[in-house]
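One structure is given below, encoded as structure tokens.
Order of the sequence lines fixes the chain letters, A, B, ..., with proteins taken first and strands second; residue numbering starts at 1 for each chain.
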Amino acid sequence: MFAANFEENTMSEEAAGNEYRQQRIENMNQLETAGFPAFGLAFERTAQLDELHSTFEVGQQVKACGRIVAIRKMGKMAFAHISDGSARFQLMVKKDMLGDDAFAAFKLLDLGDIIGVAGELFITKTEENTVRVAEWTLLSKALLPLPEKFHGLTDVETRYRQRSLDLISNPEVMDLFKKRTQVMREIRNFLDARGYYEVETPMLQQIAGGAAAKPFKAHYNALNVDVFMRIAPELYLKRLIVGGMDRVYELNRNFRNEGLDRTHNPEFTCLEIYHAYGDMRTMQELIQAMVTHLAETIFGKMEFGWMGNIIDLKTPWREVPYHELVKEHLGNDWFDKTLAEATAKAEILDVHIEEGMNFKQVTHEIYDKTIEGTLIQPTFITRLPAELVPLAKPCSDDPELVDVFELIIGGKEISPAYSELNDPIEQRKRFEEQAAGDGSKIDEDFLMALEHGMPPTGGMGIGIDRLLMLLTGSDAIRDVILFPQLKPRG
RNA sequence: GGGCCGGUAGCUCAGUCGGUAGAGCAUUUGACUUUUAAUCAAAGGGUCCUGGGUUCGAGCCCCAGCCGGCUCACCA
């Protein structure tokens with residue numbers, strides 16, 4: 001009855017035309033008639049299936065549940081495998097144990113249905129852990145078929161658009177996302193144990209500061225103001241440093257209104273850490289300790305294959321000042337060259353140079369296009385030209401350089417860290433240059449906080465999605481984000 | 001945004017020179033009490049991404065578009 005109404009009122013014409021769905025609704029109706037309601041209640045299981053395997057004992061009475069992912073029906077018996085996302089487990093169902101009706105009903109089950117069973121554990125003659133089913137109950141009827149059991153779901157687009165199916169049919173995808181959860185938890189454990197406080201700062205900001213990126217815009221009706229999704233939490237976390245929260249971090253989403261590609265998703269997870277009375281060195285030690293900790297405790301290894309390279313995370317990681325690195329690749333006399341000579345070299349290297357670039361810009365362009373990508377093993381680039389990094393503190397021995405690092409792994413930028421600028425007058429000057437005359441873009445509240453005095457501070461941002469790509473050997477950011485951004489289907 | 005590749009049954013994929021739309025799994029029916037990509041026999045199942053065009057005839061050729069992948073550029 002229920003199913004009939006459902007069919008008439010709710011089913012789209014497209015879905016109604018699906019032979020598989022029709023058949024499953026028919027099976028559902030028959031099951032309900034036979035006393036097996038299609039959508040059961042909570043089921044108290046002895047254990048999840050992985051635990052059932054690890055604590056397996058012949059003769060033990062258990063209750064288990066999961067989705068039917070394979071079924072082999074025979075005349076008077078059947079085998080099935082159920083899966084609950086932790087493991088698969090085999091069931092054996094025999095007519096003489098269940099009785100005619102319950103056995104006949106069992107044969108109406110389809111792949112994808114979710115059931116609960118009670119029975120005794122035993123080992124088949126092919127030596128597989130199995131539940132000999134004494135009773136079963138239907139917990140949820142699947143109206144649509146699952147992807148094929150052998151090849152699974154491989155179509156990349158469908159995998160991203162229907163992640164549920166991807167998780168059901170690709171155990172390695174499930175494993176990867178469980179690893180992601182472990183990494184997030186272990187980052188928190190690691191930082192908490194070192195006295196860092198996790199905080200939450202605004203996602204909706206009236207001025208989107210802390211980075212140079214285009215924000216997403218929204219409107220807040222109650223205040224009748226436009227707001228922005230944050231592009232970085234930096235300016236709020238520094239306020240907390242001013243306020244005396246000496247060690248803080250935030251592990252959460254940033255939003256940037258930019259293009260999509262293999263390493264960019266418009267919302268991405270970022271870890272930002274600030275450490276009062278520290279500097280870039282504090283962060284350098286912290287990130288090495290943290291990343292190797294994650295590698296050891298969660299992945300149990302220090303070498304990771306990523307984008308065709310083997311990356312060795314053993315510390316200490318190489319550190320090289322920017323100027324030394326440039327000289328290594330372009331010659332010891334590079335910084336004695338003229339702009340014309342540098343531009344000529346760029347042309348030889350096939351690096352495009354815009355009209356009007358100065359020597360430092362040309363050098364950086366060459367660095368960006370031809371040097372950064374060659375840094376496969378973890379490398380800290382330090383002492384960058386001040387022009388490139390407007391929000392960092394100058395090096396004490398050279399005001400032309402700033403006291404920062406950029407961590408490069410696998411040729412990709414994983415993390416920048418600064419000895420943070422805490423001079424409010426200098427900070428205002430740089431904001432004004434950045435805002436280019438638009439005073440509404442200057443975060444006056446932040447500047448005021450700085451004027452109350454911020455201790456010298458080390459700060460760092462880590463792109464967690466990219467770190468996860470490295471740790472899981474993924475070539476695309478979409479493979480480490482459960483629901484990556486996609487265009488609406490046409 | 002440019003270039004290249006792809007979109008065919010629920011899933012994974014073939015499809016020749018432009019000539020009735022194919023396979024495996026899945027589904028249905030039957031057989032089957034230790035199977036595990038169960039097996040055996042039979043059957044049903046298609047908006048060939050969308051819209052135009054060429055042609056007697058288009059899954060295939062042409063044009064435009066949509067979605068995806070790779071890549072280059074841009075952005076950071």
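- Looking at A/Lys238 and A/Glu234, a side-chain N of the basic residue comes within less than 4.0 Å of a carboxylate O on the acidic one, giving a salt bridge.
- There is no side-chain donor-acceptor pair under 3.5 Å between A/Ser474 and A/Asp479.
- In this model, the phosphate group of B/C13 is approached by a side-chain N or O of A/Thr154 to a distance below 4.0 Å at OP1 or OP2.
- Here A/Gln90 lies in heavy-atom contact (under 4.0 Å) with a base.
- B/A14: no Watson-Crick or G-U partner with both key distances under 3.5 Å is found in any strand.
- Across every strand in view, B/C4 sits in a pair with B/G69 that passes the Watson-Crick or G-U test at under 3.5 angstrom.
- Pairing for B/C40 goes to B/G30, judged as Watson-Crick or G-U wobble with the two contacts each under 3.5 Å.
- Judged by distance alone, the side chains of A/Arg230 and A/Thr201 do bring a donor and an acceptor atom under 3.5 Å apart.
- Residue contacts shown for A/Arg88 are absent, as no nucleic acid heavy atom lies under 4.0 Å away.
- Pair assignment for B/U20: none, as no Watson-Crick or G-U wobble contacts are both less than 3.5 Å.
- Counting any heavy atom pair closer than 4.0 Å across all strands shown, A/Ala213 reaches no nucleic acid atom.
- Checking A/Gly259 against A/Phe150, the closest nucleotide of RNA chain B that is more toward the 5' end is the one next to A/Phe150.
- As the counterpart of B/C61, B/G53 is assigned, both hydrogen-bonding distances of the Watson-Crick or G-U wobble pattern falling under 3.5 Å.
- B/U28 sits 43 Å from B/U71 when the P atoms are compared, rounded to a whole Å.
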Report, one pair per line, the protein and nucleotides 5-7 of chain B atoms (nitrogen or oxygen only) whose separation is under 3.5 Å.
none

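- We find that NZ of A/Lys487 is positioned 12 Å from P of B/G65, with the value rounded to whole Å.
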Write out a two-atom table: protein N or O, nucleotide N or O from nucleotides 31-34 of chain B, distance below 3.5 Å.
| residue | atom | partner | partner atom | Å |
| --- | --- | --- | --- | --- |
| B/C32 | N3 | A/Gly75 | N | 3.4 |
| B/U33 | OP2 | A/Lys76 | N | 3.0 |
| B/U33 | N3 | A/Asp96 | OD2 | 3.4 |
| B/U33 | O4 | A/Asp96 | OD2 | 3.3 |
| B/U34 | O2' | A/Lys125 | NZ | 2.9 |
| B/U34 | O2 | A/Lys125 | N | 3.4 |

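- Phosphate proximity of B/C25 to A/Lys149: absent, as no side-chain N or O sits under 4.0 Å from OP1 or OP2.
- Taking the six-membered ring for Trp and the full ring otherwise, A/His53 and A/Phe56 have centroids separated by 6.0 Å or more.
- The distance from atom CG of A/Asn257 to atom P of B/A76 is 13 Å, rounded to the nearest whole Å.
- A/Arg256 has no side-chain polar atom (N or O) that falls below the 4.0 Å cut-off from OP1 or OP2 of B/C75.
- A/Asn27 and A/Gln23 share a donor-acceptor pair across their side chains, judged by distance under 3.5 Å alone.
- Under the side chain to side chain contact (heavy atoms under 4.5 Å, CB included) criterion, A/Ala70 pairs with A/Arg72, A/His81, A/Arg88, sequence neighbours left out.
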Subject >> Trace of the side-chain contact (heavy atoms from CB on, under 4.5 Å) decision for A/Glu250 with A/Tyr236 >> reply: CA-CA 10 Å; A/Glu250 183 160 7; A/Tyr236 287 92; over 6 Å; no

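- With hydrogens and angles left out, the side-chain atoms of A/Glu365 and A/Gln361 include no donor and acceptor closer than 3.5 Å.
- Using a 4.0 Å heavy-atom distance criterion, A/Asn27 is classed as a sugar-phosphate-only contact.
- The partner of B/A9 is absent, by the rule that a Watson-Crick or G-U pair needs both atom distances under 3.5 Å.
- If you check every strand for non-hydrogen atoms under 4.0 Å, A/His352 touches nothing.
- The separation between A/Glu148 atom CD and B/C13 atom C1' is 10 Å, rounded to whole Å.
- Classification of the A/Phe431-A/Phe446 ring pair by plane angle, with boundaries at 30° and 60°, yields tilted.
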**OP:** Tell me, with the steps shown, if A/Asp465 and A/Arg180 meet salt bridge (Lys or Arg N to Asp or Glu O under 4.0 Å).
**Re:** CA-CA 9 Å; A/Asp465 306 291; A/Arg180 181 176 178 127; 2.9 Å; yes

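- Atom P of nucleotide B/A26 and atom CD of A/Glu19 are separated by 14 Å, given to the nearest angstrom.
- Using a 4.0 Å heavy-atom criterion, one finds that A/Arg24 contacts no nucleic acid atom at all.
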